[in-house]
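Remarks on the structure that follows.
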There are 2 protein chains.
Amino acid sequence: MSHEDVNPGAAPTLDQARKQIARYGLEADPQAVLVAVRLMAAGARLDRASEVHFARSGLSTGRYRLLVDLEDGDGEKSPSQLAKSLGVSRATVTGLVAGLEREGLVARRASTEDGRGAVVVLTARGSRRLHDMAADHFARLEALVGGLAADERGLFLDLLERITQRIGALTAE
Amino acid sequence: MSHEDVNPGAAPTLDQARKQIARYGLEADPQAVLVAVRLMAAGARLDRASEVHFARSGLSTGRYRLLVDLEDGDGEKSPSQLAKSLGVSRATVTGLVAGLEREGLVARRASTEDGRGAVVVLTARGSRRLHDMAADHFARLEALVGGLAADERGLFLDLLERITQRIGALTAE
DNA sequence: CGGAAGTAATTAGCAAGCTAACTATTTGAT
DNA sequence: ATCAAATAGTTAGCTTGCTAATTACTTCCG
């Protein structure tokens with residue numbers, strides 16, 4: 001065995017990126033590759049941590065986002081609208097709503113205007129759940145970013161935005 | 001209906017963050033919250049785009065990472081080591097290896113040193129698959145980050161690192 | 001106004017992660 | 001030397017997301 005610490009879930013290093021690029025005889029910029037890979041890794045880790053975080057309130061990330069989306073609106077929305085604003089498929093919304101309805105955080109009614117449609121309504125219980133979570137939730141979000149000064153946060157937002165705009169490049173063609 | 005574009009999978013805005021914080025009567029810094037929420041949203045989107053990207057080569061993100069991890073080493077590793085370095089559970093590795101083995105990209109041997117252990121070996125076919133993907137893959141990673149100048153990339157890496165260090169804060173206690 | 005095409009929601013079935021439980025082996029402490 | 005505890009790997013069962021197919025209703029065109 002060597003002396004390398006295996007370093008669980010390790011963020012990849014610049015050297016690793018360089019080695020890979022060299023191995024394939026490519027011209028890519030190791031630093032650019034590193035940024036992409038690190039962001040992906042961070043995203044995956046954050047996703048999982050987020051699930052754990054929301055699980056404490058008996059929710060999942062998706063369910064929480066759906067509740068917030070309802071509360072941000074007038075408290076009701078169709079599944080299709082929810083799918084669009086959450087950026088998930090309608091099938092996923094069906095599943096999320098089913099779970100939330102089972103817990104009484106949300107109710108479903110048939111639409112009065114469109115015979116095909118449904119309307120998802122935030123219940124008092126759902127609203128209360130959001131309020132109960134709020135203080136802890138926002139405190140944790142702040143803590144996550146607490147290592148950055150205010151101006152650094154603005155900078156980070158800008159840079160992140162400029163990367164996410166190009167996510168399509170991953171799958172384009 | 002209002003004039004708001006529903007803006008599919010919309011990144012949340014500073015105003016939305018402000019409104020939420022106000023609704024719950026909290027003191028949180030809207031910009032800090034926005035950074036956290038945007039990063040989470042970006043992570044989720046990137047994750048899904050990444051799956052689509054790797055699916056073109058008949059892989060998933062997890063399977064790709066496992067292959068790369070093998071190639072970065074001496075071409076073989078135990079499932080436990082893989083789990084540690086990939087930051088996933090051993091059960092997940094079992095599943096990934098099963099899939100990769102089915103496609104002949106990887107092979108499994110019993111460990112000679114430890115009667116409980118196994119060794120996962122990258123096959124020639126697995127190695128070839130990585131090479132075949134490399135040019136396109138790295139080009140896309142570069143494109144993702146192409147909106148940032150070299151010094152901005154360094155900056156971004158630094159800021160991202162300082163946030164990811166605190167992911168634990170989301171789930172701590 | 002009648003039928004084709006489009007849209008809303010759900011259902012079924014898939015992959016990736018997880019935890020918990022189980023088997024087999026090794027380690028280590030008495 | 002033995003037996004308990006730790007470790008390696010797998011399995012089973014859960015959740016979240018997806019796509020594709022199904023059903024029901026609207027819309028729109030001729």
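To find a chain, count down the sequence lines: A is the first, B the second, and so on, and within it residues start at 1.
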Start with the C-alpha gap between R162(A) and D158(A), add the side-chain angles, then the distance that decides, and say whether salt bridge (charged side-chain N to carboxylate O under 4.0 Å, His left out) holds. CA-CA 6 Å; R162(A) 280 155 61 197; D158(A) 172 54; 3.0 Å; yes
Please step through side-chain contact (heavy atoms from CB on, under 4.5 Å) for the pair E161(A) and R38(B), ending with a clear verdict. CA-CA 9 Å; E161(A) 173 65 19; R38(B) 283 265 182 92; 4.2 Å; yes
Before giving the answer on side-chain contact (heavy atoms from CB on, under 4.5 Å), spell out for L170(A) and L46(B) the whole-Å C-alpha distance, their side-chain angles and the decisive distance to 0.1 Å. CA-CA 9 Å; L170(A) 267 190; L46(B) 200 51; 3.9 Å; yes
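Electrostatic pairing of D136(A) and R140(A) counts as a salt bridge here, judged by a charged N lying under 4.0 Å from a carboxylate O. Taking the charged nitrogens against the carboxylate oxygens, D15(A) and R18(A) do have a contact shorter than 4.0 Å, which makes a salt bridge.
The distance between atom NZ of K84(A) and atom P of dA9(C), rounded to the nearest whole Å, is 10 Å. Going from atom CZ of R109(B) over to atom P of dG9(D) covers 12 Å, rounded to whole Å. Computed from coordinates, the L66(A) CG to dA9(C) C1' distance equals 14 Å when rounded to whole Å. Atom CD of Q81(A) is separated from atom P of dA8(C) by 10 Å (rounded to the nearest Å). One atom, CG of L46(A), and another, C1' of dG17(C), lie 16 Å apart when rounded to the nearest Å. To the nearest angstrom, P of dT15(D) lies 11 Å from CD of E103(A). Rounded to whole Å, atom C1' of dG9(D) lies 16 Å from atom CG of L86(B). One atom, CG of L59(A), and another, C1' of dT16(D), lie 14 Å apart when rounded to the nearest Å.
OP1 and OP2 of dG17(C) both lie 4.0 Å or more from every side-chain N or O belonging to R63(B). The shortest distance between the side-chain N/O atoms of S80(B) and the OP1/OP2 oxygens of dG9(D) is below 4.0 Å. Contact annotation: S89(A) side-chain N/O to dC18(D) OP1/OP2 distance is under 4.0 Å. OP1 and OP2 of dT11(D) both lie 4.0 Å or more from every side-chain N or O belonging to R90(B). In this model, the phosphate group of dG17(C) is not approached by any side-chain N or O of R48(A) to a distance below 4.0 Å at OP1 or OP2.
Using a 4.0 Å heavy-atom cutoff across all strands shown, S78(A) reaches sugar-phosphate atoms only and no base atom.
Cluster annotation: L39(B) and V52(A) are assigned to distinct hydrophobic clusters (Ile/Leu/Val/Met/Phe/Trp/Tyr, side-chain heavy-atom contacts under 4.5 Å, transitive).
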For nucleotides 22-29 of chain D, list the nitrogen or oxygen atoms of the protein found under 3.5 Å from its nitrogen or oxygen atoms, one pair per line.
from    : atom 1 : to      : atom 2 : distance (Å)
dT26(D) : OP1    : G115(A) : N      : 2.8

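For D151(B), the CG atom sits in a packed shell: over 12 heavy atoms of surrounding residues, nucleotides or ligands are nearer than 6.0 Å.
Listed by first then second residue, pairs satisfying ring-ring contact (aromatic ring centres under 6.0 Å, His included) with a partner in residues 151-173 of chain A read F156(A)-F156(B), not counting sequence neighbours.
The line from CG of L130(A) to OG of S57(A) is 9.5 Å long, rounded to the nearest 0.5 Å.
Within residues 91-98 of chain A, the residues that place at least one heavy atom under 4.0 Å from DNA chain D are, in residue-number order, A91(A), T92(A), L96(A).
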